Amino acid sequence: MKATKYLLIISISLIMVLLSVTIVSGRPFRLAKLPDEGKNFGCLTCHTKSSGGVRNPFGQDWQKIAIKAKDTYTTELAGLDSDGDGFTNDQEFSAKTNPGDPNSKPDGQTIDPKAELEKVIARGKVLFNDPKLGKSGSSCNSCHPNGGTTGGQMMGMAIPTLKGSAATFPKYKANAKAVITLQQMNNMCIQMIMKGTPLKLDSPESVALSAYVTSLSNGIPVQIGGK
Ligand code: HEC
Ligand code: HEC
């Protein structure tokens, strides 16, 4: 009698261990982290099989990029074309196609250029408020307040408003000792003032940040070299 009781306890605990292993290894929590919450493709957004395991190209990029950022769908990941089908992951989520499967892609007609630009500007605005671009604890907005639309003062240093700023680039900057573009100027603030790593000029982040700053000059006539 005693032996069967032990056997029962052992098998019950074994079942519980097995259950918890499948629940943990199933990692369903990641579905909720996707922009579409996994509604379109479920586990197949990141895996080659619905049971999980082997990662598709989007799942591999997720592993490289998103896990470091506490499992978030970052701007960098949004701007990549993980499956190499010619559409960024973001475009694929918007078109409800699979960013990890090259055979699933939007037909060119569904992409709305205006909406694409607005999304990139919106991402740039998020970066503008993100202290993680540097190591000094400040974001762009700490010095260029109100989203950059007003100027300020910092330790006797005049901080310009960024309204109209993009319309004056390229221009000569004394601290660069060169004529630079807006993207390079943004990098100068990141590197010299925020103690961060300059963004690669062709990265989605650099493009998004300059799209946002440029949006503050919309309608203002271009005057390169101006103040
Ligand atoms: C957003 C992308 C994403 C989604 C969605 C996702 N996974 Fe994963 N999954 C990963 C990544 C990345 C790993 C590897 C890192 C880790 O082990 O946590 C992984 C690991 C796993 C593993 C372990 C495989 C191994 O090689 O160790 C299993 C099993 C798994 N996932 C199952 C699932 C199942 C089932 C679903 C759907 C309910 C799912 N995953 C949804 C990205 C995802
Ligand atoms: C610690 C304060 C500080 C932070 C943080 C900061 N800036 Fe600046 N920024 C300045 C100052 C001061 C200047 C003026 C220096 C100059 O023009 O050479 C400036 C100038 C600029 C200019 C050029 C303005 C013009 O018309 O000449 C741009 C564009 C700019 N910043 C963008 C950014 C962006 C984007 C960020 C975030 C990535 C940022 N800044 C973060 C202080 C800051």
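Not measured: the values here are computed from a predicted model. Each ligand, and each atom within it, is numbered from 1 in the order the structure gives. Position 1 is the first residue of the sequence, and the numbers go up from there.
- Side-chain contact check for Lys125 and Ser215: no donor-acceptor pair (N or O, by modelled atom type) lies under 3.5 Å.
- Interface of Met194 with ligand 2, defined as ligand atoms under 4.0 Å from a residue heavy atom, comprises 5 (C), 37 (C), 38 (C), 41 (C).
- Counting heavy atoms under 4.0 Å from ligand 1, residue Arg55 touches it through the side chain alone.
- An N or O contact shorter than 3.5 Å links His47 to ligand 1 by distance.
- Remark: among candidates Glu205, Gln191, Met185, the nearest residue to atom 22 (C) of ligand 2 is Met185, based on non-hydrogen atoms.
- Less than 4.0 angstrom separates some heavy atom of Leu34 from each of these atoms of ligand 1: 1 (C), 5 (C).
- Residue-to-ligand polar distances place Lys173 within reach of ligand 2: an N/O pair is separated by less than 3.5 Å.
- The Ser51 neighbourhood of ligand 1 comprises atoms 32 (C), 35 (C), with distances under 4.0 Å to a heavy atom of that residue.
- Within the listing of ligand 1, atoms 1 (C), 2 (C), 3 (C), 4 (C), 5 (C), 42 (C), 43 (C) sit less than 4.0 angstrom from a heavy atom of Cys46.
- Side chains of Glu205 and Leu127 form a contact here, defined as non-hydrogen atoms less than 4.5 Å apart.
- Contact of the Val126 side chain with the Thr75 side chain is not registered, since no non-hydrogen atoms from C-beta on lie closer than 4.5 Å.
- Under a 4.0 Å criterion applied to the non-hydrogen atoms of Gly52, ligand 1 contributes the atoms 30 (C), 32 (C), 33 (C).
- The closest protein non-hydrogen atom to atom 3 (C) of ligand 2 is Cys143 SG, 2.7 Å.
- For the pair Lys119/Ser94, a side-chain contact is recorded, criterion being any heavy-atom separation below 4.5 Å from C-beta on.
- Residue contacts with ligand 1: Thr45 is placed with no nitrogen or oxygen under 3.5 Å of a nitrogen or oxygen of the ligand (distance criterion only).
- Residue contacts with ligand 2 do not include Ser142, since none of its heavy atoms lies under 4.0 Å from the ligand.
- A salt bridge links Arg30 with Asp71; the closest basic N to acidic carboxylate O contact falls under 4.0 Å.
- Applying the 4.0 Å criterion to heavy atoms of Leu182 picks out, from ligand 2, the atoms 29 (C).
- For ligand 2, the atoms sitting less than 4.0 Å from at least one non-hydrogen atom of Asn175 are 18 (O), numbered in the order shown with element in parentheses.
- Closest to atom 14 (C) of ligand 2, if we only count protein heavy atoms, is Pro160 CD, 3.6 Å.
- At most 12 non-hydrogen atoms from other residues, nucleotides or ligands lie less than 6.0 angstrom from CD of Gln223.
- Leu209 has its side chain within reach of Leu133: a pair of non-hydrogen atoms, C-beta onward, lies under 4.5 Å apart.
- Using a 4.5 Å heavy-atom threshold, the side chains of Phe169 and Asn186 count as separate.
- Counting heavy atoms under 4.0 Å from ligand 2, residue Leu127 does not touch it at all.
- Ring geometry for Phe58 versus Phe93: interplanar angle over 60°, hence perpendicular rather than tilted (30 to 60°).
- Close contacts of ligand 1 with Gly59, meaning ligand atoms under 4.0 Å from a residue heavy atom, involve 12 (C).
- The nearest N, O or S atom of Cys140 is not closer to atom 8 (Fe) of ligand 2 than 2.8 Å.
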Could you give me the CA-CA distance, side-chain angles and deciding distance for Asp90 and Arg123, then say whether side-chain contact (heavy atoms from CB on, under 4.5 Å) is met? CA-CA 11 Å; Asp90 220 36; Arg123 265 190 252 136; 2.7 Å; yes
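- The shortest distance between side-chain heavy atoms of Val207 and Gln183 falls below 4.5 Å.
- For atom 35 (C) of ligand 2, the closest heavy atom belonging to the protein is Asn186 OD1, 3.4 Å.
- Taking 4.5 Å as the limit, every side-chain heavy atom of Ile190 sits out of range of all side-chain heavy atoms of Thr197.
- Backbone and side-chain nitrogen or oxygen atoms of His144 are examined, and one is located within less than 3.5 angstrom of a nitrogen or oxygen of ligand 2.
- In terms of polar-atom proximity, Gln63 is not counted as a contact of ligand 1, lacking any N or O under 3.5 Å from an N or O of the ligand.
- Ring pair His144/Phe128 is tilted by interplanar angle, where 30° to 60° counts as tilted.
- Residues Met185 and Val213 form no side-chain contact, since every pair of their non-hydrogen atoms from C-beta on lies 4.5 Å or further apart.
- Between the side chains of Ser104 and Asn98, no donor-acceptor pair is found at a separation under 3.5 Å.
- Heavy-atom distances between Lys171 and ligand 2 reach below 4.0 Å in at least one pair.
- Here the heavy atom of the protein found nearest to atom 42 (C) of ligand 2 is Ile193 CD1, 3.5 Å.
- Considering backbone and side-chain atoms together, Ser139 places no N or O closer than 3.5 Å to any N or O of ligand 2.
- Close approach to Ile190 involves these atoms of ligand 2, each under 4.0 Å from a residue heavy atom: 38 (C).
- Under a hydrophobic clustering in which Ile, Leu, Val, Met, Phe, Trp and Tyr are joined whenever their side-chain heavy atoms come within less than 4.5 Å, directly or via other members, Leu34 and Leu44 fall into different clusters.
- In terms of N/O distances under 3.5 Å, ligand 2 is approached by Ser165.
- Looking only at protein heavy atoms, the nearest one to atom 39 (C) of ligand 2 is Cys189 CB, 3.3 Å.
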